[in-house]
Every structure is written in C-alpha cells, then in structure tokens.
2 protein chains.
Amino acid sequence: MKKKKSFTIYDLARKLNYSPSTISRALKNHHSISEKTIEIVKKAAEEEGYRPNILAASLRNNQSKTIGVLVTRINRPFSSSLISGIENAASKEGYNILISQSNDLYKNEVASVKALFDSRVCGIIATLGMETENVKHFDQFAKIGVPVVFVDRVPADFESYTVVIDNYTAAFNATNHLIEQGCTRIAHFAGAQHLNVYRGRKKGYVDALIKNGLAVDDSLIITMKSLSAEEGEAATEQLMQTANPPDGIFCSNDTTAVSAILTLKKLGVKIPEEVAVIGFNDDPIASIVEPALSTVSHPAQEMGELCTRRILQHVLKKEGTPKIEERSVLDTHLIIRASSNRKNNP
Amino acid sequence: MKKKKSFTIYDLARKLNYSPSTISRALKNHHSISEKTIEIVKKAAEEEGYRPNILAASLRNNQSKTIGVLVTRINRPFSSSLISGIENAASKEGYNILISQSNDLYKNEVASVKALFDSRVCGIIATLGMETENVKHFDQFAKIGVPVVFVDRVPADFESYTVVIDNYTAAFNATNHLIEQGCTRIAHFAGAQHLNVYRGRKKGYVDALIKNGLAVDDSLIITMKSLSAEEGEAATEQLMQTANPPDGIFCSNDTTAVSAILTLKKLGVKIPEEVAVIGFNDDPIASIVEPALSTVSHPAQEMGELCTRRILQHVLKKEGTPKIEERSVLDTHLIIRASSNRKNNP
DNA sequence: TTGTACGCGTTATCAT
DNA sequence: ATGATAACGCGTACAA
C-alpha cells in the first residue's frame, strides 16, 4: 500500500515563494536567515503540518540519529531496565533507538547486527548471546568508525567501549558474606564459562573460598546452560540428595536462586539456617520470595544511560579524538536479605 | 565525527564493469538478470563487504521497513513482553522496530509520536499513557495512510487497529470467583477511569457484585493514580482500619495486589481466609509471593505478535482493501492460586 | 539575506 | 539481459 507523498520543504517553498534552501535553513535557525523569514517559515510549516523526513536528512548527512540496541531477550528485568535507561538518555538528546533481540542465538545475533548496520545506526549497544564466542560480526562498525558499546556480557578482545560491573568482586563479596554467616560448604550455580560475567562470578566465588581457607569442591559447582528456573530446581535437588549437601548456595542469577529457595522449602530445608542462598541481579522477584533473597544489585538503568552517553560523546566528538576504547566499571551493591541473614535468625 | 563513505552499488558497478542498475537488480534477484551475473555480483558484494543502505532505499521507495513502538514504560513485565512479541514477529519478516517510552507523560508521548513519524515508520504500535485523554497526535499517521495499532490501553474514538483483552469479562470472572470463595465484601483497587482497561475492570467488578446480589460500596473502591506498590500498601492499610473491612480485594494490577498481600501479612491478616486477593497481569512476582497470587493472565507476547501482523497485513495489502479498523480481543485466563483459594484452606 | 545546483544511495521507468 | 536517467527529501558549497 503506497503512502501519499508527504509535504516537503519544496511544497513549503512554493507556497511561500522562497527557495527550498531558505526553508531548510530557516527551519534549523540558520544564522544567515532573517528573524522574520524564520518566523514566517516556521509558522507556515506548523500550519501545513510539515514534518521533516529524517531518512532524507540522514542520507544527505551520511549520519543518522539512531542508536542500535541488541540484547539477548527484551523480556527480562535486566534487559528492559537497560533499554529503558538507553531510551531515556537517547530521546532526551533527540536520538532514536532501534531494538532487536538475539534470543541467545548466534545466528540471530549476526542477522540483527547486519540489520542494524544496514539501517546506518550512528552507534550500537550490545549484550552478547550465550552462544557467542567471536565478535567478527561487529567489525563492520569499527571499519567505518561507528562506535560499539558492549555492555554486561562483553567480548575479551574487541576494541570498543565497554560498560560492565565488577563481577569478580561482587561474587567475591557475596561468597564472603555467606562465609561470614557461617557457611563452610558453599555451592555455586555457574553460567556458561566463555562469557565474562559468569567466568568472573565463578572466579570471585572460588577465590573467596580459598582466601578463607575453604576447600573448593568441584562437585558443588554446577554449570548451567541457561540458568533457568528448571535448571535451578534440578541442581538444587541433586545437591541436596548427596551425602554431604551444601550449607550455602551462591547463584549466578536470581532466577536460579529463587528456584533454589522454592525447591529447598519443598524439601523441608530451612533457609538460611540449613542452607543460605544468595543470587545476582536484584530482579523484582528477589524481594518478593520468602525468605527474601539476598542478591547483588545490578544498576541496569544507569548502565543503559551510560551506554548512550558513550555513543553520544563519540558521535559529537570532533576529529582528533579517535579513542574508541574505554572501559567503565559500575558499582554493585550487596543486598542482604533474609535468605542469607543468620544473625537475625539465630 | 564524520564516518567514512561507504561502499555502494556504484563502487560495485565500477569494479565489475556493470551499470548500477544491473547491480541493484542482481542483488534482489530480479528475473531479468542472468543467473551468472547475479552470481558474480553477489560474490563480489560479499567479498567487498557491501551492505545496502536502507535509508536510501526507504527514501527512494517512500516506504520504510521500520515499525514504531510506543509504550509507557519499557521496564515493565507487560511492556517488555509485548515488545518482545513485536520484535520477534517483525524481525522474522525483515522489519526493524523503533522504540520509545512515554513514562506515562503526555508531553513525552506527543514528542515520541512526532519522532516516530519523522522517522517515517511504516506503522505504529502504541499503548496510551496515564495522562492521555485525546489522541490528536496520531492523526498525522492516518492522514498519510500509515496504520496505527493501539494495544491494551486504547482510545475510544480513533479509527485504527486495536488489540486488547476483554477487561470487563476478565474482571467479572475474577470478582465472581472471589464471591464463589465466599467473599461478600469485596474491595477494588481501580486505575484511572479515563483509560479503557481500568474502566472495564471496574465495571466488570461492579457488575459481578450486582449479579450476585451484593451491595456496591463506594468506600471499598479505591481509585489510584498509578497503581504503585506504595498506593497499594496505603490503600490496604486504610481499608483494614475501617470498622467493616473487606474480605476480598480485586486489584487492577499485580503490583498493588502483591503489595496488598505483603501489607495484610504485616497486619496479621490471614490470606485467603480473612481476606482473599486477586490481581491482574500475571507478572513474575505473582507466582513467587506467598501465598501465591491469583491473577488474570495477559497474553502480552502474543498481543505483540498480533500487533505486528496487523501492521504487516496492512502494509503488504494491495490497493482496494483500505479497512484500517479492526478490533482484536484476545482471551485471558483466570489463574487461581493460593491467595484466593479457600477450598484447599478450609 | 536568499537562491542555484548538486549529491547522498537506491530503485523504477524507459530505453537498447 | 543490461544501461541511462530521473527522482525520493534534504543540506550545503557556491553564487548572487
């Protein structure tokens, strides 16, 4: 269905007996146009319902005001908060955002990145999928000077902006907290180890154990494919059936942590007395589950805003400041709730 | 920072000694181009890393393959699921989605709609904000034949596609269920009444009471501005302090319902024996809170997919099928959990 | 202060 | 089967 031709600066020019260029300039308050003309043009534009065609402007300028965003799943607390932050910061500066999700499939990720490139985004913000092990598909951006910001799940070896949290320290602190609560046999629900976030969390966990003189028992480390509720339940059941079950679990996300809590309750295990549990992300469910889940807060919204700022800084930058690499590490916060707090439940 | 000029069909044409039009056609498998030429062109395009410039194509075709999406807050279970559905259906057909959020502010909504229009989206999917009482800002789309799909929170008087659930029936059934459980004094947490969804839910609640011969007590109907957790808590406390507190609460969303449950527990009120609670949406927290929250499931993801389908149907439609109005009402499902189930807690 | 002319990358139309 | 040309709407160098 073809759309009607829209009202352009040419139509406006004809109507006002000006040249199109004068209209164009007046509309953007060019200094060489008289106040009066600007006023006339703007008034007429308003009356006629003129709206600029951004496609044409972007093509002409070889530069769009659209930021591409790629996440694994839009429909997840972390992602949606991240996107929300990105959108708020972007729209405030007159930038649009183009969104796509990979559903954690490498194939989709590559296709989405291509699509975003074809749309000539002025920058791209991306979180890597579970299956992603190389990031060649982002090379095309670097090649033409379009900034790439990787956030949260980031590659090891790509020259780009990076916005992350310190997964290692957060995990170390979380595990350390469990030890302070008296846990001596702590299990860990780990995620795919080729992803920085899960690698960091596992390493923090292991180092906290070592630092405190506790044994690292590989049978207590369950590595999961997608950290789903089902996997969390299965792992919890499996662990509790062993001769020597854990007295604490540090989970790489809240989904599996909440799942662990529900499963432990089903098994009649007392939380946190017999098994203390701590998660990661501070999803809404964390504060609702009973006992409330201790977790690590993830400043998703702020991360999104920062990502946008990185893109804008880069785009608005003048020549001569080509540094396209900068790593931002945001603070996390350990939130201690009932699921790991033995002090209040002596 | 200016970007490098990109590799175009002209470069490809020069390199292969073909005309740009041949390249253009070969790239889209035009039937008039020989197999051999197509192969040659595609191979070279691949080698040179040629990527089409969608901006140029859209400008030339006066038709983009981008769907605009406007929600109130990206960062909400319903919205993010909706968007996820929209994105999945769109990307499958090679369409992109441009997202913005109004944060429930009318001013933002108008600005976002303008921005989406300026980007020449081929269709727009929107959920109205809390403050929105008129939808003039959508007229510009109708004017040039761009389809508008309103979803969930929709206007009463705008010719467009509409994707909704039957709020009235869902609310009626939810309230009826509370009555079946023995509730006789049921409160209602209502939302802004100029929005169809909250109006429908309230009406369903009222009619269920009437149908069952129960009195409609205005003091039991609390109308909230934003249906936030804080409002839910305040309303619950207020209700329970009265001489004649309710024995059931039908809430217009899960946020206030969960808030009610937590507040009731704090007050030592037994759920569902003394007060049964039911929410709306089936957010993740609904199944986690204790007792688990009965609620109405909202097929957000499917609604999103349907919205996209409406746009695509319209866009791909040939001339002569101009019907731009069609109302789709999706089924909801009453999910009975512990917060309203007195049968299992005699 | 305003106007003219061209090009951004693509595709549709009309030729050859 | 392929090529030449114009046009989509806008912005800008250059001219007046």
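Quick caveat, the model's predicted, so the values are computed rather than measured. In what follows, every chain begins at residue 1, and chains take the letters A, B, ... in the order their sequences are listed.
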What is the nucleic acid contact for [X], judged by heavy atoms within less than 4.0 Å: base, sugar-phosphate only, or nothing?
X      : value
T8(B)  : sugar-phosphate
H31(B) : sugar-phosphate
Y18(A) : sugar-phosphate

Starting from [atom2] on [N], measure out to [atom1] on [X] and report it in whole angstrom.
X      : N       : atom1 : atom2 : result
K28(B) : dT10(C) : NZ    : C1'   : 8 Å
N61(A) : dC10(D) : CG    : P     : 12 Å
L55(B) : dC8(C)  : CG    : P     : 15 Å
Q63(A) : dC10(D) : CD    : P     : 18 Å
R51(B) : dC8(C)  : CZ    : C1'   : 19 Å
I54(B) : dT11(C) : CD1   : C1'   : 14 Å
N29(A) : dG11(D) : CG    : C1'   : 15 Å
N53(B) : dT11(C) : CG    : C1'   : 13 Å

Given [N], is OP1 or OP2 found less than 4.0 Å from the side-chain N or O atoms of [X]?
X      : N       : answer
S58(B) : dT10(C) : no
S24(B) : dT11(C) : yes
Y50(B) : dT10(C) : yes
T22(A) : dG3(C)  : yes
T37(B) : dT2(D)  : yes

Spell out, as yes or no, whether a donor-acceptor pair under 3.5 Å connects the side chain of [X] to the backbone of [Y].
X       : Y       : answer
T8(B)   : Y10(B)  : yes
T132(A) : N134(A) : no
N196(A) : D152(A) : yes
T308(A) : I86(A)  : yes

We want to know whether Q101(B) and N88(A) form a side-chain donor-acceptor pair, criterion being a heavy-atom distance below 3.5 angstrom.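 Yes, N88(A) and Q101(B) have a side-chain donor paired with an acceptor closer than 3.5 Å.
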Does a donor on one side chain and an acceptor on the other come within less than 3.5 Å for T72(A) and R153(A)?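 Distance-only check fails for T72(A) and R153(A).
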By nearest heavy atom, map N17(A) and H30(B) onto DNA chain C; which one lands nearer the 5' end?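 Of the two residues, N17(A) wins.
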Do R25(B) side-chain and dT13(C) base share a donor-acceptor contact under 3.5 Å?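 Under the 3.5 Å cut-off, the side chain and the base do form a donor-acceptor pair.
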Consider the side chain of S34(A), meaning its heavy atoms from C-beta on, and name the nucleotide among dT11(C), dT1(C), dG9(D) that approaches it most closely.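 The closest nucleotide is dT1(C).
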Report the nucleotide, chosen from dG3(C), dT2(C), dT11(C), that has the shortest atom-to-atom distance to any side-chain atom of S21(A).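 When the side chain of S21(A) is considered, dG3(C) is the closest of dG3(C), dT2(C), dT11(C).
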Which sits closer to the 5' end of DNA chain D, Y10(B) or P52(A), going by the nucleotide each is nearest to?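 The answer here is Y10(B).
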Of S19(B) and L59(B), whose nearest nucleotide on DNA chain D comes first from the 5' end?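 With S19(B) and L59(B) compared, the 5'-side residue is S19(B).
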